[in-house]
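Structure first, then comments.
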2 protein chains.
Amino acid sequence: MTASLNTSIATPLSEALAKTDGPYQLHGLERAVSVLEVLSESEAPLSLAEICHRMNLHKSTAHRSLMVLERSALIERTPENRFRLGLKLYELGNRAVEQIDLRARVYPFFRRLAMDVRETVHLGVLQKTSVVYLDKVEPNRRICMSSKIGSSNPVYCTSMGKAMLAFQPEETIEKIVSSIRFTRYTPKTLCSREKLFEHLETVRRRGYAIDDEEIELGVRCIGAPIFNEDRWAIAAVSVSGPTSRITPQNVRAIAQRVLTCCREISASLGMRAKKKSHVASPFLTHYGS
Amino acid sequence: MTASLNTSIATPLSEALAKTDGPYQLHGLERAVSVLEVLSESEAPLSLAEICHRMNLHKSTAHRSLMVLERSALIERTPENRFRLGLKLYELGNRAVEQIDLRARVYPFFRRLAMDVRETVHLGVLQKTSVVYLDKVEPNRRICMSSKIGSSNPVYCTSMGKAMLAFQPEETIEKIVSSIRFTRYTPKTLCSREKLFEHLETVRRRGYAIDDEEIELGVRCIGAPIFNEDRWAIAAVSVSGPTSRITPQNVRAIAQRVLTCCREISASLGMRAKKKSHVASPFLTHYGS
DNA sequence: AGGTGTTGTACCGCATAGAGGGACGACCGC
DNA sequence: GCGGTCGTCCCTCTATGCGGTACAACACCT
């Protein structure tokens with residue numbers, strides 16, 4: 001058999017773009033997901049040609065993908081033959097968070113915290129190397145579907161991200177951190193694996209994380225994890241505000257309130273001990289196996 | 001060449017499930033979408049075996065799909081190896097409506113209507129044979145992401161659906177109606193193509209549509225379309241309430257308010273006439289080409 | 001008008017991606 | 001222990017879907 005050599009040689013030439021290489025490949029599907037991502041990043045709807053260009057794809061290939069995606073309503077086309085994300089994604093996405101159902105259970109506590117500190121409060125979960133925003137309350141009103149909700153930011157430069165990361169199993173941290181592609185958003189961004197690990201140590205010691213203008217100058221955030229019964233973080237809550245209001249002087253006071261809130265939430269989520277330990281974290285997006 | 005016969009014979013045996021048959025096929029992708037749908041319909045996360053069972057799939061095939069979907073974060077797996085929709089869908093879905101950006105522009109009017117009639121008000125758009133709920137206001141508070149938002153109902157038994165359908169181009173109506181699979185939800189549900197067409201005639205005459213307990217007994221809704229400059233419906237607004245409050249006596253009065261609201265919205269959306277007529281409807285999910 | 005660049009759509013043959021059979025190892029409860 | 005289930009992995013063979021290419025419909029220039 002020539003099989004043994006086969007696998008190692010086959011791939012390199014075939015695809016110009018560096019595809020995710022894993023044991024399980026489904027090129028058509030992967031390409032389709034990329035299309036969705038490209039469309040997601042674009043402000044305006046894109047034409048077939050533009051999509052081909054951005055993805056180095058042949059017309060026919062892209063065309064086929066688009067047709068199928070359109071049939072599935074994952075994308076839709078405007079009258080002038082451009083494509084954008086379809087509303088089916090909205091349906092599916094909402095089902096996704098509905099199934100998790102974290103937001104509804106957290107909301108009451110969450111809201112009280114916002115009233116209390118009179119700053120914007122976020123709820124988020126880990127999603128591979130990003131934190132996804134699930135909810136947001138501003139001191140007065142709940143901002144629904146504000147631009148931020150549903151979007152995501154990197155783990156390493158958000159207080160929620162660091163708070164959750166710090167309280168993950170060793171291997172999970174390792175896996176996540178090693179897939180991070182660091183980008184410097186501000187002079188204060190933690191841009192290396194080492195700095196991040198060091199920082200996580202601090203977070204673990206204090207119990208909360210600070211994003212000190214690491215993603216945007218002038219904005220400081222304090223985040224703390226929500227735990228499941230095994231003390232792994234399954235979500236996080238953060239308070240964000242201008243550096244003028246969240247000053248080094250009052251950080252500790254605010255942090256205490258965030259921590260209290262998170263403790264209440266963790267407790268209320270109940271997570272009564274069940275038979276085995278694999279009730280673990282129904283909320284956390286596990287990274288790899 | 002044997003090609004000519006080939007196409008017509010090839011399909012019937014290969015797949016047990018009736019797949020959508022169209023010129024462009026990407027089985028891997030289509031299967032993946034089905035997986036997403038299956039997961040979406042399930043309350044609890046599903047195991048590989050369960051998914052195989054529900055979809056008549058071979059273990060390996062399903063497994064491969066799942067692995068790829070998981071890598072793409074379109075699904076995620078719980079610690080006990082079950083699968084559910086992933087939060088990436090949430091991100092993408094939110095991007096989708098953000099790109100449409102209908103909700104934000106409509107909200108002010110929308111809200112006033114709710115205050116005015118003191119009933120629940122919905123905003124929705126057409127999505128093939130369904131109407132997708134984009135927003136909802138209850139008389140007092142805005143219900144964000146209530147269970148309904150993001151979900152969908154059939155066109156033919158909702159006031160918004162019928163309101164939008166009535167004001168579509170002839171061919172669009174034809175295409176949509178002929179893909180409807182009628183289900184009787186209540187004794188009053190319109191269950192045939194003929195009845196629906198007849199009804200649409202009425203809707204066109206009156207300018208608004210009524211859902212008279214056609215999807216749920218005890219609930220009556222009044223919906224009217226939002227137009228683009230070509231007078232095609234791109235969205236709809238509806239008022240829903242118990243039959244005890246929305247009585248045959250006051251339907252007309254409420255309908256007038258809905259109509260007024262929709263007229264204001266249509267006007268405010270501006271849609272200033274641009275060069276060609278293909279500015280048409282950037283919001284409507286066009287059905288087919 | 002007539003060329004000359006775009007678009008998007010359609011077809012087709014060949015290489016390869018991926019379906020499905022099946023082995024394997026982990027875990028369950030009898 | 002054994003029989004059952006589960007998920008993972010691997011290999012073979014063929015139908016799939018990739019990418020060339022041809023074409024049709026426009027838009028834009030001289």
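Numbers restart at 1 for each chain; the letters A, B, ... are given by sequence-line order, proteins then strands. Keep in mind it's a predicted model, so treat the numbers as computed, not measured.
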B/R31 has an atom CZ; how far is it from atom C1' of D/dA15, in whole Å? 12 Å
Starting at atom CD1 of B/I51, determine the distance to atom P of D/dT8, rounded to an integer number of angstrom. 11 Å
Pick the closest DNA chain C nucleotide for A/R64 and for B/H58 by heavy atoms, then say which residue is nearer the 5' end. A/R64
Does the A/K128 side chain pair with the main chain of B/R71, one donor and one acceptor, at a distance under 3.5 Å? yes
Whole-Å distance between D/dT16 P and A/L26 CG? 14 Å
Hits for side chain to side chain contact (heavy atoms under 4.5 Å, CB included) against B/T158, two or more places apart or cross-chain, chain-then-number order -> B/V131, B/Y133, B/N153, B/I215
For B/F83, what residues pass the ring-ring contact (aromatic ring centres under 6.0 Å, His included) criterion, not counting sequence neighbours? none
Specify the separation, in whole Å, of atom CG of B/N56 and atom P of C/dG21. 13 Å
List, with names and distances, any nitrogen or oxygen atoms from the protein found under 3.5 Å away from nitrogen or oxygen atoms belonging to nucleotides 7-10 of chain C.
from   : atom 1 : to    : atom 2 : distance (Å)
C/dG8  : OP1    : A/L48 : N      : 2.9
C/dG8  : OP2    : A/A49 : N      : 3.1
C/dG8  : O6     : A/K59 : NZ     : 3.0
C/dT9  : OP1    : A/R77 : NH1    : 3.1
C/dT9  : OP2    : A/H63 : NE2    : 2.8
C/dA10 : OP2    : B/Y24 : OH     : 2.6

Between D/dG7 (C1') and B/L46 (CG): distance, integer Å: 15 Å
Residue set satisfying side chain to side chain contact (heavy atoms under 4.5 Å, CB included) with A/E50, at least two apart, ordered chain then number -> A/L46, A/S47, A/R82
Does a side-chain N or O of B/H27 approach OP1 or OP2 of C/dG18 to a distance below 4.0 Å, or not? no
Measure from CD on A/E30 to P on D/dC18 and round the result to the nearest Å. 12 Å
Between B/L66 (CG) and D/dC9 (P), how many Å, whole number? 13 Å
With A/F182, which residues qualify under ring-ring contact (aromatic ring centres under 6.0 Å, His included), at least two apart? A/Y156
A/A96: which residues meet the side chain to side chain contact (heavy atoms under 4.5 Å, CB included) condition with it, sequence neighbours left out? B/L85
Just how far, in rounded Å, is P of D/dT5 from NE2 of B/H53? 13 Å
